[in-house]
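Everything below concerns the one structure shown next.
Below, read A as the first sequence line, B as the second, and so on, with proteins coming before strands; counting in each chain starts at 1.
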Amino acid sequence: MSEKKLHPAIICRCLDRTQEDMIGAFHMMIDFLGIDGADINAFRRFSWGTTGFCQGRGCLALMQRIYVNEMRKLDVRISPDELKYKARSPAQPVPLGIFAKNNLEEV
Amino acid sequence: MKVLVIGSGTIGTSVSQELADKGVDVEIYDAKYLGYGATSRSLSVFSVQQRDRRLVKLALESVELAKELDRRLKEEANFPIGIFGERCPHVSVAFTERDYEILRDYSEVWRSEGIDVKDVSPGEVKEELLPWVDENSFYRALVTYDDYKAFTFPFTLGRVGLMRMKGGKVYKYREIKDFDTGGGRIKAAVMEDGHKADADVFVVAGGAKSREIAKKLDDPVKPIRVTTAGGFCTEPYKYLFKPVITVESKGYRLTQTLRNEFAAVVYDMGIDNPSYDIEESLRLLERIATVTVKLFPSFAYINVLRQWGAYLDYTDDGLPIVGWSRKYENLYYIYGFNNYGFSIGTAVAARAAVEIADGRRDQFLEDFRPYRE
Ligand SMILES: Cc1cc2nc3c(=O)[nH]c(=O)nc-3n(C[C@H](O)[C@H](O)[C@H](O)COP(=O)(O)OP(=O)(O)OC[C@H]3O[C@@H](n4cnc5c(N)ncnc54)[C@H](O)[C@@H]3O)c2cc1C
């Protein structure tokens, strides 16, 4: 086994995905959607990066970098605009009970 | 024959894949990324709990077609994960006697199509299906056993893969802004940058935004109501929570997804959403949290990881809009899927593809035509 595999670069700590996993997912996305259908959102969905506990707080920049690099290898230049990704609230995990009202009539 | 499909939601991708299977040359254009609209914000349960017999029939038909799609994706496209889950109980909860009466009326519709419906007390729900539920929190429930959970993105993007294997094309971030028309036909779809795409047939599968397209074309199709919806998901837990829970009176649905997260949605806040807003909102979160914690008090401790907003296209008679335009002979509409685009979309799309490709009229779709009163 190569050095690289013994010490893989972890991209997504939440779901334990390595750089190789992510690149594999990138190519699966390209196979399925083609370059014209692929984008950063589809990459998230094929790789599950940014969808774990951290919701991208830990991995988004790394995911974007992989996306740009792999696209470049396919001769596609990615503009920052195409990397747009909407971070959703809450900013960190919040227990559901905090949002619950006492009465159903209030909601 | 070349067909241009506007919209890559579950409906647009389904029609496109069915057309590609028939040897039609298909291109999908989406204004945003693939599956952007209601589709990527959905709970995507295939449910037989519909309010109309025709919809229940289509829901049953969709399940069979989706199982076949699941098989094809694995066998023909080497898709690594399943897109369709196992059969699961669907518990429709009535908080009050009045809710119960309304639900009982709906359940007559389900029964009339041969669906097995159980009318159960809160104690029975707790004992047989949901040990987490507070049996004092609701009045009664109706349970069916013919629903399925789908895997939202793989379901939609997998279809794109199958379509592309047959030569279909798909373009993201290409909004159709206008049309070249003449002689009662659409000649080309026009994009923001002036780029034009021609085709023999144009299919409008733009979800709620289809109404903007019809408006642009000055085509007097049946109006739709666009409402606010949305949802949230939690961190993943061991998969133990199989049933789908619906509280129709609150437009609320909850289940543990095939990704093991709990996801809960409101599919109708009863608020109009004319600007197609997808921002998350506290009001929506409060409704979902309140209903969830009322039914399952221990869920107050589950962490919410992400919430989202959505818009949905409702029709006043509760039926979708499917069929040829009267104004432009090569324009076909397929939208207005209320809160059941996944439940019946697969069957409707398959039937629509036959109408589009073979020019035959499907009797079953006659009640869904775009100009009905
Ligand atoms: C919170 C929520 C929960 C739900 N739960 C369920 C459920 O459990 N079961 C179920 O069956 N259904 C459910 N639904 C409903 C279901 O998701 C929808 O009915 C379905 O996704 C509609 O699909 P669509 O393809 O018609 O529209 P959309 O998914 O909205 O797709 C339309 C696409 O068209 C594109 N578009 C629009 N205009 C243009 C244009 N001019 N040019 C190019 N592209 C354009 C949009 O960008 C969009 O991507 C739920 C919906 C929501 C919001």
Given heavy-atom pairs under 4.5 angstrom as the criterion, report whether the side chain, backbone, both or neither of [X] touches chain A.
| X | value |
| --- | --- |
| B:L295 | neither |
| B:V304 | both |
| B:P154 | neither |
| B:E261 | side chain |
| B:I278 | both |
| B:F151 | side chain |
| B:K169 | neither |

How close do [X] and [Y] get, heavy atom to heavy atom, and via which atoms?
| X | Y | result |
| --- | --- | --- |
| A:N41 | B:Y173 | ND2-OH, 4.3 Å |
| A:P95 | B:A300 | CB-O, 3.5 Å |
| A:D31 | B:R164 | O-NH1, 2.8 Å |
| B:Q307 | A:P90 | N-CD, 4.3 Å |

So, the part of A:I35 with a heavy atom under 4.5 Å from chain B: the answer is backbone
Does any heavy atom of chain B fall under 4.5 Å from the side chain of A:M28, the backbone, both, or neither of them?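 When you check distances to chain B, only side chain atoms of A:M28 fall under 4.5 Å.
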Do A:L96 and B:N303 have side-chain heavy atoms sitting under 4.5 Å apart?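 No, side chains not in contact.
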When rounded to the nearest 0.5 Å, the distance separating OG1 of B:T290 from CZ of A:F99 is 11.0 Å
Roughly how far, to the nearest 0.5 Å, is CD of A:E106 from CZ of B:R283? 12.5 Å
Can you confirm if the aromatic rings of A:F32 and B:F79 lie within a centre distance of less than 6.0 Å? yes
State whether a side-chain donor-acceptor pair under 3.5 Å links B:T152 with A:R45. no
